[in-house]
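Remember, predicted model here, so these are calculated numbers, not experimental data.
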Amino acid sequence: MPTEFPTDNLSEHPLSVGESSNASLDTSLETGSSSLSQSDPEPESRREKVAARLRRDLKSALIDTSQKPTGDFDLLADQSPSSTADRVSSFNALITTLRLATMSISLLLVSADTSSNTASLRFWTAVLVLYAIFRTVRPIKYTDSVSSLVLVIAEVFLGVVAVVATGGCDSPLIFMLLPAITVAGLARGFGFSFRVAVVTILAVSFVFVNQSSNPREALVRAASWAGIIMLVAIIAGYTRRISGVADRDRELTLDRLDKLSDANDLLFSLHQVTQTLPASLDMGEVLDTTLQRLHSLVSFESAAVLLFDETDAHWDVVRHEGLHVPTRLGPTDLPIGLRKALARNGIAAVSNLVEEAGGGLSKRSGSGLYSVLTARGTIIGLLALEHGEVGHFTHREEELVAGFIAPAALAVDNARWFARLRTVGADEERTRIARDLHDRIGQSLAYLGFELDRLVAKDSQGESVSQPIAQLRDDVRGVIREVRDTLYDLRTDVSDERSLGQVLEQYAGRVAERSALQVHVEAEESARLPILQEREMWRITQEALANVERHASATAVRVVWRCDGHRALVDITDNGVGFEQGRAGRLDSYGLLGMRERAASVGASFEIVSAPGRGTRVRCTLQPATSQSQSQSPSSPQPIHIGATTSKSTTTSTTRRKNV
């Protein structure tokens, strides 16, 4: 058994393969000689041994130790797949140049040596020249096949016969052996080229020395050529080894690049998911976006999303496609795939639903991919993906879904909690609307009712009511105007098209038109906040302005709005009567509770400063926690003097000012 060498040692010591191969060859020759020397009474058994020996040597010859460095030739010959790639194509330019160079040298030597220019020399010169021209036009191809091995050996054999027939080591055609030895080394590596070189040297030298009249001189000449041939074999074999190592490194690098490319595609898909899923807090939009993204990641025919109901431990089917399923499922109604996902608290793949009891959610499904939706450390729902084909989902698709689950579950949980908070917010908004109707329209309608009763009583007494009716008509028109203003205020809101600065200027103009209040707006925004945050900031501003208009008895108010896309400030200061802090009546009498809750919902700070006779200041600041700084606010606001010197900041392209 040849010695087995590790790959790393071979790359550091290239001669080890050749030495191992020689040792293996010597051992095989000794074994063959001893077996032939013994008398075997059964010829058939001897032929079988010789045939087995030939098969083993053929397998050994088919192993390129530069490509698969090992000493266990039999094992590799059995396991290595056949390859159709040309192993010497990258060296064709070198081989062609060497052929033309040696052919030119041989032709010069033949033409210069007229004394030995025999018919045999001319014949073999013509044969080798034609062969060299043929191989220049059609280079030899070598693959891991017996036919390729035969072509390489045949080229070496042709050169050896020509050299032996034309004088051995004194032949002018001996240079033509070098391309054949080079092809053998580049095709099969160092071990093969070493063996071919040894056989070539023995064949040429034995005949040359045996036919020479001066064996000593012939032996010296044969040794010199043997050194040249061995040097060419070593260089060619070592070149093959270096090239093989480079090829293996390149293949490993390409394989790593393929894996990195797959990982990059996965990360890019997950990045798109994380960018789009949390964009909405509406449950319907989140579920639709989730299924759309799943379609872009994996292929499935039916899907379902189930959310857990804590009240009765049932599962609500909130979205499904490609199947018919009840709207609610009990714990025992779940298919085997979802039960496996619950048991693992992760993802579960079922390659054959046909063999499983109960199958999948769809009776037509052949395979399924199931996962839990986890948020805040608890299971909030389940995801089921199914396909009609058995074994449809691959391990790569399982990894894609596993990476997709975390942001999807977070988006679903956010939408679920937002729906609950929206219910609370709707109650608060209804209370605010009721208060607006009561404070503005309700009192006016009550006044109209009292006035109509007075006019009816006056008319029953025979008094003239023409002038009071005219006054009442003006009052009715005022109430209609109040109704319109109230409805407009309720509809006024920021949107994707209108920023808070734009809405604020328009709203301030309407406030100034319907009251004697001077409104000064300073709006500066270089970028916008997310729409939800900007909307809450607007509601705080609107509520503060409404308080100034109704309760402050102010003559002027200043509104400052600044935003850079990350930080924002809204500041409303009036010169009204003010109030003593801590004695503002009911906690929510001026909507203070609602403003504080809105500020807290977007992570902003909220501050009110007021003093009797000094006016009131409402300040709401939004800034990231990392850059949040403590600002010193004055204990009481300074009175406002509206006029030419009210604003001292420089006007820029992002600054909008309005004096009303």
Nearest atoms (heavy-atom pairs only) where [X] meets [Y]:
X	Y	value
Gly368	Phe393	CA-CE1, 3.7 Å
Tyr370	Ala384	CD2-CB, 3.6 Å
Ala187	Val88	CA-CG1, 3.7 Å
Met595	Ala544	SD-N, 4.0 Å
Gly403	Pro407	O-CD, 3.6 Å
Leu500	Val494	CA-CG1, 3.6 Å

Do [X] and [Y] have side-chain heavy atoms sitting under 4.5 Å apart?
X	Y	answer
Ile540	Ile572	no
Asp413	Leu373	no
Phe404	Val298	no
Arg240	Phe91	yes
Arg498	Gln506	yes
Glu536	Leu622	no
Met283	Val318	no
Leu297	Val401	no

Enter the distance from [X]:[atom1] to [Y]:[atom2] here, rounded to the nearest 0.5 Å.
X	Y	atom1	atom2	result
Glu398	Leu385	CD	CG	11.5 Å
Ser302	His387	OG	NE2	9.0 Å
His314	Thr327	NE2	OG1	10.5 Å
Glu389	Ser367	CD	OG	7.0 Å
Leu383	Ile405	CG	CD1	4.5 Å
Leu186	Thr239	CG	OG1	6.0 Å

Within the supplied structure, the quantity of interest is the number of heavy atoms (other residues, nucleotides, ligands) at a distance under 6.0 Å from [X] [atom1]; does it exceed 12?
X	atom1	result
Arg376	CZ	yes
His295	NE2	yes
Arg328	CZ	yes

Practice item. Output all residues satisfying ring pair (Phe, Tyr, Trp, His ring centres under 6.0 Å) with His320, sequence neighbours left out; order by chain, then residue number. Key: none
Study note, to complete from the structure: Paired with Trp561, the side chain to side chain donor-acceptor pair (under 3.5 Å) test is passed by just one of Glu522, Glu524, Glu525, namely Glu525
Taking [Y]'s backbone N and O only, do any of them form a donor-acceptor pair with [X]'s side chain (distance below 3.5 Å, no angle check)?
X	Y	answer
Thr621	Leu569	no
Ser148	Thr143	yes
Arg339	Leu334	yes
Glu505	Gln502	no
Glu386	Ser365	no
Glu534	Ser499	no

Exercise for review: Quick one: do Leu361 and Leu329 satisfy side chain to side chain contact (heavy atoms under 4.5 Å, CB included)? Show the steps, please.
Suggested key: CA-CA 11 Å; Leu361 285 174; Leu329 295 175; 4.2 Å; yes
Point to revise | side chain to side chain contact (heavy atoms under 4.5 Å, CB included) assessment of Arg562 paired with Arg567 | key: CA-CA 8 Å; Arg562 292 188 177 89; Arg567 299 170 298 174; over 6 Å; no
Exercise for review: Could you list the residues that satisfy side-chain hydrogen bond (donor to acceptor under 3.5 Å, both in side chains) with Ser371, not counting sequence neighbours?
Suggested key: none
Review point. With sequence neighbours excluded, what pairs up with Glu355 under the side-chain hydrogen bond (donor to acceptor under 3.5 Å, both in side chains) test?
Key: Asn352
**Study point:** Derivation of the side chain to side chain contact (heavy atoms under 4.5 Å, CB included) call for Val372 and Phe308
**Key:** CA-CA 11 Å; Val372 297; Phe308 184 66; over 6 Å; no
Review point. Should the pair Tyr507 and Trp538 be assigned to parallel (<30°), tilted (30 to 60°) or perpendicular (>60°) ring geometry?
Key: perpendicular
**Study point:** Val286 and Asn414: CA distance, side-chain angles, deciding distance, side chain to side chain contact (heavy atoms under 4.5 Å, CB included) verdict
**Key:** CA-CA 9 Å; Val286 169; Asn414 288 342; over 6 Å; no
